[in-house]
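Working notes, beginning with the structure itself.
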Amino acid sequence: MSDALKHECGIALIRLLKPLEYYKEKYGSAFYGVNKMYLMMEKQHNRGQDGAGFASIKLDVTPGERYISRVRSIAQQPIQDIFAQINERINDELTKNPEYQDDVALQKKHIPYIGEVLLGHVRYGTYGKNSVESVHPFLRQNNWMHRNLIVAGNFNMTNVNELFDNLLEIGQHPKEKADTVTVMEKIGHFLDDAVAKIYKDLKKEGYNKSECSPLIAERLKVGKILKRAAKNWDGGYAMAGLLGHGDSFVLRDPSGIRPTYYYKDDEIVVVASERPVIQTVFNVPFESVKELEPGHAIITKKSGETKIKKILEPLERKSCSFERIYFSRGSDAEIYKERKMLGRLLMPKVLEAIDNDTENSVFSYIPNTAETSFYGMIETVEDHLNEKKTNSILNGNGNLSAERVTEILSERPRIEKIAIKDVKLRTFITEDSSRDDLVAHVYDVTYGVIKPTDNLVIIDDSIVRGTTLKKSIIKMMDRLNPKKIIVVSSAPQIRYIDCYGIDMANLETLIAFKAALALLKDTNQYHIVEEVYDKCIKQVDLKDAHVVNHVKEIYDRFTDDEISDKISELLGGENIKAEVKIIFQPVENLHKACPKNLGDWYFTGEYPTAGGNRVVNRAFINFYEGNKERAY
C-alpha cells in the first residue's frame, strides 16, 4: 500500500493439552509452547510492529509458587526483544542450576514463561499512544487464582463511553477510559461475581475453603461470563483471555469483522488472527484450520475440554474486506485467489483506458502487497492478447507467412519493475517544503524502459489519502516521460472512516472525500455540506440504533467515475506532463472476488454495527468544525 495505514493488532493463543514432559519426550524440549509462540507472533508481525507482549500460565502449581509470567516490549523489534528476554532468563536459570536441564518438573517449578497456556499479541501504536503500559496482554491481578484475568485482543469498540459508564453504574472506578481497560474490567466484574456465587454455593454444600478452589475451577462457566460481559459491546473484535487457574477463551464479534482461526488435535489448541500462521507453524493442512464463527467463542477449560459456544446472536456477516485486500498474509490460499481475482476484474476498465493498446503499455505494481493482484491483472492481459492473436491468425485464412505468424505469437504483455521502495526515510525537518522533498523520494523508479508513446499502468492495492501517490509515485513516474500514467486500485474508493480496528479516523484526510467536496464546489452545491452537518448535529443525542449515516449525501450526487476523475485531477497536479488517470475497483467486483468477506463500510458507508453510523457522523462534525480530534 502506497499510503501508510496501520492495523491494530494480531493475537496468538496456545493451549498445551498434554503434560510438559510429553513435549520434552516427543519434541526434545519442554519449551515447545514458547518456541511455537515465537513463530506464531513472528509470522503475524505484519499486523503490528510497534509493540508485542507474551503471557503464560502454569497449571497445578503449589501455593506460593509463581504461576503467571508476562513480558511486554516497545523496542524497535519488539517480538525479538521479548523472546530475547525470555531466552536470557531461561538460559540464566539453566546455567546456574544444571540439575534443571533434563528435569521438566524443576523447570516448570523454577523457570518463568514455561507453561501450558500461552497468549501472544502484536500491535501498532494507536492514536499516538505507544507506551509499554498500552501493550497487550493486560493483567487484572487477584490473590484468588480464579479471579486473575489476562486479556489481549484485536479490536476496537465504538461505544467506549457507554461501557465506561456501565462500569461506574456497577460501582467500579476504572483507572482509564481505554477500551481495553473497560472490556477487561467488564469481564473481570462478571468473573468476580461468578466465582463469589460458586464459592457461596460450595460453602452451603459443606465444603471448606481449601476444598473449594478446584471445584470453582471445575464449575466456572466461562461462556456465561462472556455472555454477560459482552452484552453491550459494539465493535469489531477477537478477544482472547486466560484465567489464572487455566481456563482460556477467544470470542469473535457477532458480525465477524475481525478474523479468528483455530486448530485442535490431541496435543494442542491453537488460535490466531490468520490461518496460514497456524498451517505453517504446526504443519497442518488448510482444511484442518477452522474459522471461528461470528458471535462464538472457543473455550478450553483447565481440564483440557474444548468447546465452541455461541455467546452472542450472530448478525449479518460483515468480515473486514481490507483483511483480504491488504492486511492479512497473502500466503492464505483463499486470500491469494481473491487478490488475483481483484486484479482480473479490473482489466476491462484498464483496457478501455489504454484503448486496448497493449503493445504500447507497460504494466507494473507498487511494492509489494499489490503483487498478487498484479498477477491476476497480467493473466487477463494475456487472455486478451491470446484472443487477439487467434483472430489475427484466423483472419489470415491460411495465407500468413511463418515470419508473420511468429511475429503475431511473439506479442506479450510488457511487464517491468518500475517502482522501487527505498528504505524508510526519516523526515527530520519540520519545514513543509523540505518534508515534501523527502517524501517525494520514498520511491525510486527504473529508468530506460518507458518510451514517450507508452502508457504506464501501475497497480496499488488501495488508495487512502493519496499523499504518497501525489508527492512521490506520480512525480517519479512522470520523470520517465510516459504518454499516460494509469494508477489502478484493487480496492474501491475509500469514502468513510473505519472504527473497528484500522487506523482511519478523520474524513478530511481521505482523497475520495476531498474529491467529493471539490465536486460540490465545482457544481455550486457546497450548501450540501452545511445541510449534512445540521443533520449530524440533530442526531448527537439519539441512541445509536436510531442514527443514520448522513455523510453518504456528500457522495450521492456524483457517479463513481466522476469522483475518480476528480481524484485523478487532484493527484495529477500542474507540474505533471503525462495524463493521469486513476481507476478504482467497483464495489460489486470486490464482492465477487471476496464473497465471504462483505464488510465494505469504508467504501459504502454501510456500517455493520449501530455505533459505526454515530462515529462517521462525529467524524463529519469534527471536519466541519475544524476539530482535529479522532471520531472514536
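Side chains included, hydrogens not; waters and symmetry mates left out as well; all remaining heavy atoms used. One-based numbering along the sequence shown.
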- request: Under the side chain to side chain donor-acceptor pair (under 3.5 Å) rule, what do Arg258 and Thr260 come out as? Steps first, then yes or no, please.
  value: CA-CA 7 Å; Arg258 298 267 66 91; Thr260 314; over 6 Å; no

Glu291/Lys596 ion pair, N-O < 4.0 Å: no

- prompt: Is Lys36 close enough and on-axis enough to Phe282, meaning under 6.0 Å and within 45°, for cation-pi?
  reply: yes

- prompt: Is Glu293 salt-bridged to Arg252, cutoff N-O under 4.0 Å?
  reply: no

- request: Kindly indicate, with the supporting measurements, whether the criterion salt bridge (Lys or Arg N to Asp or Glu O under 4.0 Å) is fulfilled by Glu287 and Arg275.
  value: CA-CA 10 Å; Glu287 57 274 9; Arg275 185 193 343 244; over 6 Å; no

query: With side chains defined as the heavy atoms from C-beta onward, is the minimum distance between Glu267 and Leu16 less than 4.5 Å?
result: no

message: I'd like to know whether Tyr500 forms a ring pair (Phe, Tyr, Trp, His ring centres under 6.0 Å) with Trp601, so could you lay out the CA-CA distance, the side-chain angles of the two residues, the decisive distance to 0.1 Å, and finally the verdict.
response: CA-CA 10 Å; Tyr500 303 119; Trp601 52 92; 5.1 Å; yes

- request: Taking only Lys NZ, Arg NE, NH1 and NH2, and the carboxylate oxygens of Asp or Glu, determine whether Lys302 and Glu218 approach each other closer than 4.0 Å.
  value: no

message: Could you check whether Asn597 and Ser321, counting side-chain N and O atoms only, form a donor-acceptor pair closer than 3.5 Å?
response: no

- prompt: Is the shortest distance from a Lys or Arg side-chain nitrogen in Glu323 or Arg47 to a carboxylate oxygen in the other one below 4.0 Å?
  reply: yes

message: The test is side chain to side chain contact (heavy atoms under 4.5 Å, CB included); show your working for Glu205 and Leu215 and say whether it passes.
response: CA-CA 12 Å; Glu205 292 171 28; Leu215 293 170; over 6 Å; no

- request: Compute whether any side-chain donor of one residue and acceptor of the other, for Gln85 and Asp81, lie under 3.5 angstrom apart.
  value: yes

Under-4.0 Å salt bridge between Lys197 and Asp201: yes

- prompt: Is there side-chain contact between Leu315 and Pro608, with heavy atoms separated by less than 4.5 Å?
  reply: no

message: In the structure I gave you, are the side-chain heavy atoms of Tyr496 and Tyr607 within less than 4.5 Å of one another anywhere?
response: yes

task: For the pair Asp461 and Arg339, evaluate salt bridge (Lys or Arg N to Asp or Glu O under 4.0 Å) and give the outcome as yes or no after the intermediate values.
output: CA-CA 9 Å; Asp461 39 41; Arg339 288 182 184 173; over 6 Å; no

query: Given Leu13 and Leu118, is the side chain to side chain contact (heavy atoms under 4.5 Å, CB included) satisfied, shown in steps?
result: CA-CA 6 Å; Leu13 185 145; Leu118 307 99; over 6 Å; no

- prompt: Are Lys58 and Lys108 side-chain neighbours, meaning at least one heavy-atom pair lies under 4.5 Å?
  reply: yes

- prompt: Just checking, any donor-acceptor pair under 3.5 angstrom between side chains of His245 and Asp247?
  reply: yes

message: When you compare the side chains of Asp332 and Gln279, does any donor N or O come within less than 3.5 Å of an acceptor on the partner?
response: no

Salt bridge flag under 4.0 Å for residues Lys203 and Glu211: no

- request: On the 0 to 90° scale, with breaks at 30° and 60°, tag the Tyr23-Tyr32 ring pair as parallel, tilted or perpendicular.
  value: parallel

Verdict with reasoning, Lys43 to Val281, per side chain to side chain contact (heavy atoms under 4.5 Å, CB included): CA-CA 9 Å; Lys43 290 188 178 296; Val281 172; 4.0 Å; yes

Test side chain to side chain contact (heavy atoms under 4.5 Å, CB included) applied to Tyr67 and Leu59, Asp60, Val61, the passing residue: Val61

salt_bridge(Glu334, Arg324) N-O dist < 4.0 Å: yes

- prompt: Do the rings of His136 and His121 sit parallel, tilted or perpendicular, given the 30° and 60° boundaries?
  reply: parallel

Short side-chain to backbone donor-acceptor contact, Asn97 and Tyr100, under 3.5 Å: no

Derivation of the side chain to side chain contact (heavy atoms under 4.5 Å, CB included) call for Ile187 and Phe249: CA-CA 12 Å; Ile187 299 171; Phe249 66 85; 4.2 Å; yes

message: Under a 3.5 Å distance rule, please check whether Arg123 uses its side chain to pair with a backbone N or O of Ala52 as donor and acceptor.
response: no

